[in-house]
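Start at 1 and go down the list; that is how both ligands and their atoms are numbered. Computed from a prediction, not measured in an experiment: that's the story for all the values here. Only heavy atoms go into these numbers, but all of them, side chains included; no hydrogens, no water, no symmetry mates.
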Amino acid sequence: MNDMKFNRRDFLKTGLGAAAISAMPGFLSISYAKDGFIEIRAMESEQKLYLGDVPASTLWTYNGSAPGPEIRVKQGERVKVRFINELKEPSSIHWHGIRIANAMDGVSGLTQDPVQPGETFEYDFVVPDAGTYWYHAHNKSWNQVGRGLYGPLIVEEVYPTFDEEHDLTLVIDDWRLNQSGQLDEASFGMPMDWSHGGRLGNWLTINGQSMPEFELNAGEAYRLRLINVSNARILELDPNRFDAKILAYDGQPVEKPEMLSYEPFLLGSAQRVDLLVVPKEGRNFSLEELSGQEPFPYANFKVVGSGKMTGQVPVLKPNSIPKPNLGKASHHKLRMTGGAMGQLDNIFYKGKRLEGRDFVETRQFWAFNGIANLPADPFFAAEHNETIIVEIINDTAFAHAMHVHGHHFQILEREGSIVEEGQPWKDTFLIGPEQAVKIAFVADNPGKWLIHCHMLEHAASGMTTWFTVA
Ligand code: C2O
Ligand code: CU
């Protein structure tokens with residue numbers, strides 16, 4: 001994976017470092033209605049995205065800020081959310097990575113009708129797995145998530161782990177700002193982005209803030225939960241630079257926390273990684289984006305005190321996700337085509353073969369097995385508890401971040417690299433240009449589920465399909 005090349009960053013060059021920002025970015029607290037529901041309101045609100053004295057941008061947010069409030073619950077708990085849509089267009093909320101009951105999955109047009117302006121919808125579900133998840137709009141996500149409709153959903157373990165002070169959620173977003181430091185609204189939906197790498201930004205925020213600073217105590221163990229909510233940006237990080245170990249991918253703990261043996265680490269759209277950091281005395285560090293000419297720090301960690309490591313690092317137990325039975329699996333192939341510099345010659349959309357100007361007019365540039373966007377028939381129909389192996393063949397010139405709804409899978413094979421046994425569970429995986437990857441999971445969750453690229457422009461312009469589980 002470390003040989004994939006991505007577009008270079010092009011950050012705004014003004015005023016960096018000039019502003020002395022020293023904040024502990026927090027989240028809005030969640031508010032409960034009298035009947036025990038958490039109320040989440042989609043609304044327009046003003047928020048400053050860039051440093052210094054720039055005007056605010058008009059975002060679409062949950063409860064008035066992007067990210068929306070952090071929803072924190074315990075494993076096995078029931079979550080009740082009343083979604084109130086105060087936007088001018090329909091929306092719905094998807095609970096990304098939760099192995100949820102199908103009717104609560106929040107996919108407009110597949111698992112529910114979109115919630116109309118002024119209307120409400122009650123989500124009521126149980127969270128089976130502890131870990132780092134998130135929620136986001138799932139109607140025209142390229143526009144709605146791109147404008148700020150997302151928030152963290154943290155499912156705490158039922159046994160003691162990292163306490164509040166040592167458990168930090170870091171929601172990372174990639175914004176495209178214009179020259180005045182405001183959200184560049186004019187470029188939403190640009191065919192150029194849709195047919196290439198998606199809407200890439202030029203500025204990163206953490207928890208909605210620019211270049212925040214966090215204070216950590218030397219010698220104490222911290223859990224940093226990184227969530228990439230970017231429309232399309234694959235973040236390039238190097239946790240080895242601050243001696244961090246991997247605790248979990250996409251919410252699911254690894255067997256034993258370990259340092260990565262390669263760099264940079266790629267965190268694709270929608271992916272999460274939990275890092276274990278034990279800061280050393282006097283060793284401040286930063287989160288850096290490494291895809292540009294030079295490392296670009298976007299969050300700073302100041303280490304205070306002189307504590308030596310004491311006590312024990314909390315151990316995360318695995319969630320119980322059913323193991324694929326590889327000897328008795330049904331096999332499916334998903335060929336990804338289209339996009340700039342790719343094959344555009346055999347793509348069908350709504351039953352019609354696209355030609356010439358059709359691509360730009362329908363804004364469909366990508367296909368799964370020759371079909372752009374949701375086909376009438378599912379990609380496959382699984383029996384309940386059947387093991388499914390999907391071979392995904394990326395015949396495009398771009399990397400993609402593929403997401404499976406309602407299930408976690410393991411990677412079995414990745415072209416060009418050695419995949420050892422006991423791979424971590426994931427809900428989203430990166431696939432390189434011209435690469436093939438095999439994944440396996442047990443289809444244990446009845447209903448209609450999406451498989452799509454989580455680069456939201458790609459999802460909208462063809463890279464979306466679905467499967468059913470009996
Ligand atoms: Cu995070 Cu179908 O989405
Ligand atoms: Cu993609």
I'd like to know if atom 2 (Cu) of ligand 1 has an N/O/S atom from H94 within less than 2.8 Å of it, counting both backbone and side-chain atoms. no
For atom 2 (Cu) of ligand 1, the nearest N/O/S atom on H138 is atom NE2
Taking just the N, O or S atoms of H96, which one is nearest to atom 1 (Cu) of ligand 1? ND1
Distance under 6.0 Å and angle within 45° of the ring axis: does R363 meet both against W142? yes
Of the N, O or S atoms in H405, the one nearest atom 2 (Cu) of ligand 1: NE2
Tell me, please, if H403 has any N/O/S atom, main chain or side chain, under 2.8 Å from atom 2 (Cu) of ligand 1? no
Quick one: the NE2 of H136, atom 1 (Cu) of ligand 1, NE2 of H454 angle, rounded to 10°, please. 110°
Whether over 12 other heavy atoms sit under 6.0 Å from E164 CD: no
Checking distances from the Cu ion (ligand 2), one finds that the N, O or S atom of H458 closest to it is ND1
Check for me whether R199 meets the cation-pi criterion with F188, that is, NZ or CZ under 6.0 Å from the six-membered ring centre and within 45 degrees of the ring axis. yes
CG of N228 to CG of L267, rounded to nearest 0.5 Å, is 5.0 Å
For the Cu ion (ligand 2), what is the closest N, O or S atom on H400? ND1
Charged tip of R82 within 45° of Y123 ring normal and under 6.0 Å: no
Qualifying residue, where the test is ring-ring contact (aromatic ring centres under 6.0 Å, His included) with W95 and the options are F125, F83, Y133: F125
